[in-house]
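Worksheet: the structure to be examined is printed underneath.
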Amino acid sequence: MITNYHTLKYLIQSVKPKLAGSVVIEAFTQEKDTLHINLEKVDEFTLELNATGQGYIFLRPKLERARKNSVDIFPEIFGDKIVDAGIHKADRVIEISMRSGLKLLFQFFTGKVNFFLVSGDYEIISSFKSPKEFEGKKFEFEKSESNYDLMVGNFEEFKKAWESVQLQNPVQKLIKVVDSVDALLAKEILHRSGGISVEKIWNELRNLDLELKNPKPRIYYDGIFPRYFSIVEMTHINNLKKVEFDDINDAIRRFVIESKVSKSFYDEKRAIEDKLKNLYEKTIRTIEKINEEISENQ
C-alpha cells in the first residue's frame with residue numbers, strides 16, 4: 001500500500017514543507033531503476049524513487065554519489081528550485097513544480113512506474129525509463145476525475161455502481177466500483193462489513209474514509225519480516241505484529257529497507273534450498289547406480 005493513492009497523498013502533504021523552496025543539486029542513477037535527487041535547503045537531503053514493481057518514494061539523508069557507474073538524470077533542472085508539490089486529483093501521479101516552469105511527474109501506476117520531466121504544458125522532455133517511447137509526446141493522465149468522493153458520499157450512486165459491475169469476486173468488484181480502493185483496502189472493508197449487504201459495505205467504506213482523513217502509518221510483520229504497509233487499521237490481519245509510526249516518510253523508508261532485507265534473505269534461502277535439492281538428487285542417483293552395479297556383480 002506504499003503507492004496507494006491515499007498513501008501517496010498523505011506522504012506528499014507531509015514532505016511538501018521540506019521540498020518547497022529546496023534547490024536541485026543533481027539527479028542521478030547508480031543502481032538499476034532507482035533515481036536519486038539530491039536537494040539543498042537548510043541542509044542537504046535526497047529524494048529517492050524506485051521504478052520496479054509498484055515503486056516507492058521517500059526522503060532520506062543525503063546520498064553521496066558514486067564516482068563510477070553514475071549517470072545524470074534530468075540535468076535541465078540542476079540548480080532549479082522546487083516551488084510546489086502535490087498529487088493529481090484522480091491519478092497516482094505526484095507533480096513537482098519548478099521555478100523555471102518545468103515539472104517533474106512521478107507516475108506510480110502498477111507495472112508502469114516511471115518518472116518524467118515535462119514542460120509547463122506537459123510535453124515530455126525526458127523520461128527515466130524507455131526515453132525513446134515517451135520523449136516528445138504529451139503526458140496523458142489515465143483519469144481526469146475520480147468517483148471516490150461520489151461513492152463515499154452517496155449510497156444510491158454506490159448501490160447503482162455495485163449492481164452494474166458483473167464480477168463475482170467481491171474484492172475485485174469493490175476495486176472496480178470505487179476509485180483509489182486497492183486490494184488491501186477492499187479486503188478490509190469487506191471484512192468489517194461481513195460482505196453481507198451493499199449498505200453495510202458502503203457504511204464501512206464511509207468509516208474507512210474517516211480513518212483515511214486521520215491516517216496513522218503502520219507496518220504489519222510476519223515474524224521479523226514486513227508484510228503489509230497501511231495508513232489505516234487492518235482488522236482482517238490483526239494476527240500479525242504491528243508497529244505504528246508518527247511520520248509517514250520514516251515508515252515508508254523503513255518498510256522499503258526491511259523489505260529489501262527480507263527479499264535478500266528469501267533469495268539466499270531459496271538458493272541454498274536449490275543447492276541442497278540438487279545435491280540430494282545427485283546423491284540418490286549415485287546410490288541407485290551403485291546398487292545397480294552391486295546387483296549386476298552378484
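Start at 1 with the first residue, then count along the sequence.
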Any residue meeting side-chain contact (heavy atoms from CB on, under 4.5 Å) with [X], in chain and number order, not counting sequence neighbours:
X      : value
Asp121 : Ser119, Glu123
His236 : Leu184, Lys187, Glu188, His191, Met234
Val178 : Tyr148, Met151, Phe158, Leu174, Val181, Leu205
Leu167 : Val165, Gln172, Lys173, Lys176

Taking only distance into account, with no hydrogens and no angle test, what donor-acceptor pairs under 3.5 Å do side-chain atoms of residues 11-18 form with protein atoms, sequence neighbours excluded?
from, atom 1, to, atom 2, distance (Å)
Ser14, OG, Tyr10, O, 2.8
Lys16, NZ, Asp84, OD1, 3.0

Looking at [X] and [Y], would you say the former's side chain and the latter's main chain have a donor-acceptor pair under 3.5 Å?
X      : Y      : answer
Asp179 : Asn147 : yes
Ser259 : Phe255 : yes
Lys129 : Ala51  : yes
Ser130 : Glu133 : no
Asp72  : Pro75  : no
Gln166 : Glu163 : yes
Asn4   : Ser180 : yes

Is any side-chain heavy atom of [X] closer than 4.5 Å to a side-chain heavy atom of [Y]?
X      : Y      : result
Phe108 : Leu49  : yes
Arg92  : Gln107 : no
Leu105 : His88  : no
Ile25  : Glu44  : yes
Leu39  : Thr46  : no
Leu117 : Ile124 : no
Ser70  : Thr29  : no
Tyr228 : Ile237 : yes

Under-4.0 Å salt bridge between [X] and [Y]:
X      : Y      : result
Glu199 : Arg206 : no
Lys160 : Glu157 : yes
Arg253 : Glu258 : no

Donor-acceptor side-chain pairing of Thr34 and Asn50 below 3.5 angstrom:
yes
If you measure only the distance, is there a donor-acceptor pair under 3.5 Å linking the side chains of Gln30 and Asn69?
no
Name all residues meeting the salt bridge (Lys or Arg N to Asp or Glu O under 4.0 Å) criterion together with Lys216; count only those two or more places apart in sequence or in a different chain, and write none if there are none.
Asp246
Partner set under salt bridge (Lys or Arg N to Asp or Glu O under 4.0 Å) for Lys242, not counting sequence neighbours:
Glu233, Glu244
Strictly under 6.0 Å, is that where the ring centroids of Phe139 and Tyr122 end up?
no
So that I know where these two stand, are Phe116 and Phe134 an aromatic pair - ring centroids less than 6.0 Å apart?
yes
To check you understand the geometry: which heavy-atom pair defines the closest contact between [X] and [Y], and what is its length?
X      : Y      : answer
Ile94  : Ile57  : CD1-CD1, 4.1 Å
Ser127 : Asn114 : OG-ND2, 3.1 Å
Ile201 : Ile189 : O-CG2, 3.6 Å
Ser230 : Tyr220 : CB-CE1, 4.4 Å
Gly55  : Val113 : N-CG2, 3.9 Å

Roughly how far, to the nearest 0.5 Å, is CD1 of Ile175 from CG of Leu185?
9.0 Å
With sequence neighbours left out, what residues match [X] under ring-ring contact (aromatic ring centres under 6.0 Å, His included)?
X      : value
Phe74  : none
Phe58  : Tyr56
Phe109 : none

Are Leu63 and Ile252 connected in the hydrophobic side-chain network, where two residues link if heavy atoms are under 4.5 Å apart?
no
Neighbour count above 12 (heavy atom, 6.0 Å) for Lys103 NZ:
yes
Give a yes or no on whether Lys159 atom NZ has more than 12 heavy-atom contacts from other residues, nucleotides or ligands under 6.0 Å away.
no
Under the salt bridge (charged side-chain N to carboxylate O under 4.0 Å, His left out) rule, what do Glu211 and Arg192 come out as? Steps first, then yes or no, please.
CA-CA 13 Å; Glu211 293 180 40; Arg192 294 187 187 187; 2.7 Å; yes
Would you please test Arg254 and Asp250 for salt bridge (charged side-chain N to carboxylate O under 4.0 Å, His left out) and show each step?
CA-CA 6 Å; Arg254 178 166 167 178; Asp250 290 346; over 6 Å; no
Residues two or more places apart in sequence or in another chain: which of them pass side chain to side chain donor-acceptor pair (under 3.5 Å) with Asp80?
Ser100
Of all residues at least two apart in sequence or in a different chain, which pass the side chain to side chain donor-acceptor pair (under 3.5 Å) check with Lys32?
none
Apply salt bridge (charged side-chain N to carboxylate O under 4.0 Å, His left out) to residues Lys112 and Glu142 and explain how you reach the verdict.
CA-CA 12 Å; Lys112 296 191 291 184; Glu142 289 194 351; 2.6 Å; yes
